[in-house]
Amino acid sequence: QVQLVESGGGLVQPGGSLRLSCACSGTIFSINDMGWYRQVPGKQRELVAAITGGGSTNYADSVKGRFTISRDNAQKTVTLQMNSLKPGDTAVYYCNADVKTSYLRKFYNYWGQGTQVTVSS
């Protein structure tokens, strides 16, 4: 099976920075698009940032200019550098990836378990 494990969440003050990492493990043949989503209680999960297999990136308007997504294909990881954090960034952040487990299988979408990010004084 494929596992996505997030790390780096925690408590940070407004204006501070935090770096989230997501490691993919298991039987992995290829990874296509990857992304970070976040969710707060009572609201829909929303896309924060995405990165394609070729390295193209997309960001939610609310984080554009503050967050940076990157990937390391050799390590099978995706990271989210978060700067100038605001209280509104408080949420559970989830890693997401499209993974092919073998040449004969199609891509499937996988989720991490999530990591809490709290921005508060």
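For the numbers below, each heavy atom of this structure counts, side chains included, while hydrogens, waters and symmetry mates do not.
Taking the side chain to side chain contact (heavy atoms under 4.5 Å, CB included) definition, one finds that Q116 meets it with T90, V92, T118, sequence neighbours left out. For S70, the side chain to side chain donor-acceptor pair (under 3.5 Å) partners two or more places apart in sequence, or in a different chain, are T79. Under the side chain to side chain donor-acceptor pair (under 3.5 Å) criterion, K43 pairs with no residue at all, not counting sequence neighbours. Remark: I28 pairs with V2, C24, I31, K76, V99 by the side chain to side chain contact (heavy atoms under 4.5 Å, CB included) rule, at least two apart or across chains. Residues passing the side chain to side chain contact (heavy atoms under 4.5 Å, CB included) test with S7 are S21, sequence neighbours excluded. Residues that satisfy the side chain to side chain donor-acceptor pair (under 3.5 Å) test with S62, not counting sequence neighbours, are R38. Every salt bridge (charged side-chain N to carboxylate O under 4.0 Å, His left out) that K64 has, sequence neighbours left out, goes to D61.
When N83, T68, L85, V48 are each tested for a side-chain contact (heavy atoms from CB on, under 4.5 Å) with V63, only one passes: V48.
When every heavy atom of S84 is checked against every heavy atom of S17, the shortest pair comes out as N-OG, 4.4 Å. Nearest heavy atom pair, residue L80 against residue A49, reads CD1-CB, 4.0 Å. In plain terms, the two heavy atoms of M82 and L20 that are nearest each other are CE-CG, 3.7 Å. Annotation for V78 and C95: closest pair CG1-SG, 3.6 Å, computed over non-hydrogen atoms. Of all non-hydrogen atoms in G9 and V117, the two that sit nearest each other are CA-CG2, 4.2 Å. Residues A60 and L47 share a closest heavy-atom pair of CB-O, 3.4 Å.
Judged as a ring-ring contact (aromatic ring centres under 6.0 Å, His included), not a single pair has a partner in residues 80-110 (not counting sequence neighbours). Note on residues 5-33: no pairs pass salt bridge (Lys or Arg N to Asp or Glu O under 4.0 Å), not counting sequence neighbours. Here salt bridge (Lys or Arg N to Asp or Glu O under 4.0 Å) pairs that include residues 92-117, with residues two or more places apart or in two chains, number zero. Among residue pairs with one or both ends in residues 34-70, those qualifying as ring-ring contact (aromatic ring centres under 6.0 Å, His included) are Y37-W111; sequence neighbours excluded. Judged as a salt bridge (Lys or Arg N to Asp or Glu O under 4.0 Å), the pairs with a partner in residues 65-74 (not counting sequence neighbours) are, in order, R66-D89.
Within 6.0 Å of the CD atom in Q113, the count of heavy atoms belonging to other residues, nucleotides or ligands does not exceed 12.
The line from OG of S56 to CD1 of I51 is 8.0 Å long, rounded to the nearest 0.5 Å. Taking SG of C22 as the start and CD1 of I69 as the end, the distance is 9.5 Å to the nearest 0.5 Å. With rounding to the nearest 0.5 Å, the separation of CD in Q13 from CG in L18 is 12.5 Å.
In this structure the side chain of P14 reaches within 4.5 angstrom of the side chain of P87, judged on heavy atoms.
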